[in-house]
Amino acid sequence: MIKKIGRNDPCWCGSGRKYKQCHEEFDHKIENYRKQGHLVPEHRLIKSPEQIEKIRESAKVNVEVLDTVAEKIAIGMSTEDIDRIVYEVTTKHGAIPAPLNYEGFPKSVCTSVNDAVCHGIPSPDEILQDGDIINVDCSTILNGYFSDSSRMFLLGNVSEENRKLVEVVRESVYKGLEEVKPWGFLGDMGQAVHDHIRANGYSVVREIGGHGVGLEFHEDPWVGYTTKRGTDMLLVPGMMFTIEPMVNMGKPEIFVDEENDWTVYTEDGSMSAQWEIQVLVTEDGHEVISW
Ligand code: MF3
Ligand code: CO
């Protein structure tokens with residue numbers, strides 16, 4: 001973990017300060033956790049203040065895109081209409097929708113309706129109906145920096161049962177967020193999310209999780225919700241990742257649409273909901289970067 005870096009050499013973080021006056025003590029602290037058997041972050045997962053500022057700029061666009069979707073989404077629109085809004089607002093700011101052409105994904109945003117868990121592909125044939133619940137997952141690249149968040153929208157007369165699912169998942173994300181702090185563990189967050197979901201009788205999808213984000217779309221660590229408090233990666237200031245549990249009303253099992261090879265559905269046809277926020281670990285806790 002600790003590279004052979006002289007105490008008077010410039011710090012690896014790019015601050016221009018001497019290592020001994022910058023991250024030397026920090027590295028020793030991390031090394032102690034590693035020796036105790038914990039998974040610890042590599043330097044490349046720790047963002048500099050300059051990088052964080054660039055990522056914040058990207059997230060500003062991402063949040064504006066989702067705010068615009070929130071204003072305009074309505075029964076009778078197609079998911080393709082949502083795609084068009086996302087593309088227009090993103091590119092108006094000189095940014096790029098990160099999903100577009102990502103590993104062959106054909107659209108600018110993921111739109112996942114009802115029993116679609118994630119990675120729904122916008123289509124002119126998919127018309128939003130009274131009572132639908134939909135996740136709109138937006139990711140933005142601005143000047144090479146990535147932001148990523150998603151929200152649920154309720155269309156018209158959504159059943160009490162489905163409303164509750166959506167609300168509980170939102171609550172679970174913020175219960176997880178409260179656990180994000182330096183020198184804590186990713187599992188502290190994961191367990192808080194999972195406990196809330198289980199307490200309400202829902203199940204969390206195990207195969208798909210959150211991820212580090214910022215310099216790339218998907219970085220380490222992988223962020224699951226079935227890990228226990230005090231386990232999984234050590235959290236240190238400058239780390240950035242998403243909290244984005246996918247929650248099924250019924251069983252946790254999922255399958256991928258064979259026609260498009262993208263869209264994930266619940267195996268039992270039950271409703272699924274997801275909220276996603278992008279979070280920075282700060283010196284004294286956390287900052288929500290995109291929501
Ligand atoms: N936005 C999704 C995430 O949270 C990723 C979608 S990948 C895509 O990680 F290609 F489907 F867009
Ligand atoms: Co994500």
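We count ligands from 1, going down the list as the structure has it; atoms in each ligand are counted the same way.
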Counting only heavy atoms, which portion of Glu103 has something under 4.0 Å from ligand 1: side chain, backbone, both, or neither?
-> neither
Say whether Asp148, considering both its backbone and side-chain N or O atoms, lies within less than 3.5 Å of an N or O atom on ligand 1.
->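 It does: an N or O of Asp148 is found under 3.5 Å from an N or O of ligand 1.
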Atom indices of ligand 1, in the order listed, that fall short of 4.0 Å to a heavy atom of [X]:
X: Phe217; answer: 1 (N), 5 (C)
X: Ser139; answer: 1 (N)
X: Glu276; answer: 4 (O)
X: His119; answer: 6 (C), 11 (F)

Protein contact to [atom] [nearest heavy atom, distance to 0.1 Å]:
atom: atom 10 (F) of ligand 1; answer: Tyr102 CD2, 3.2 Å
atom: atom 9 (O) of ligand 1; answer: His218 NE2, 2.8 Å
atom: atom 12 (F) of ligand 1; answer: Pro99 CB, 3.0 Å

What about Tyr265 and Leu165, same hydrophobic cluster or not, with Ile/Leu/Val/Met/Phe/Trp/Tyr joined at side-chain heavy-atom distances under 4.5 Å?
-> no
Would a hydrophobic clustering, with Ile, Leu, Val, Met, Phe, Trp and Tyr connected at side-chain separations under 4.5 Å, put Leu177 with Val63?
->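 Same cluster: Leu177 reaches Val63 through Ile, Leu, Val, Met, Phe, Trp or Tyr contacts under 4.5 Å.
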Do other residues, nucleotides or ligands put more than 12 heavy atoms under 6.0 Å from Lys251 NZ?
-> no
Note on the Co ion (ligand 2): protein N/O/S atoms within less than 2.8 Å are Asp148 OD2, His211 NE2, Glu244 OE2, Glu276 OE2
Check if Lys107 has a non-hydrogen atom at a distance under 4.0 Å from any atom of ligand 1.
-> no
Does one side chain, of [X] or [Y], offer a donor that lies under 3.5 Å from an acceptor on the other?
X: Asn135; Y: Ser150; result: yes
X: Ser290; Y: Asn62; result: yes
X: His119; Y: Asp257; result: no
X: Glu244; Y: His211; result: yes

Kindly indicate whether the side chain of Trp275, heavy atoms from C-beta on, has any atom under 4.5 Å from the side chain of Tyr174.
->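 No, their side chains stay 4.5 Å or more apart.
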Nearest heavy atom to atom 2 (C) of ligand 1: which of Thr263, Asp137, Asn135 does it belong to?
->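 Shortest heavy-atom distance from atom 2 (C) of ligand 1: Asp137.
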Which pair of heavy atoms, one from Ile197 and one from Pro245, lies closest together, and at what distance?
->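 Closest approach of Ile197 to Pro245: CD1-CB, 4.3 Å.
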Only one of Val213, Asp148, Val180 passes side chain to side chain contact (heavy atoms under 4.5 Å, CB included) with Phe241; say which it is.
->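 The passing option is Val180.
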Pair Lys18 + Glu24: basic N to acidic O under 4.0 Å = no
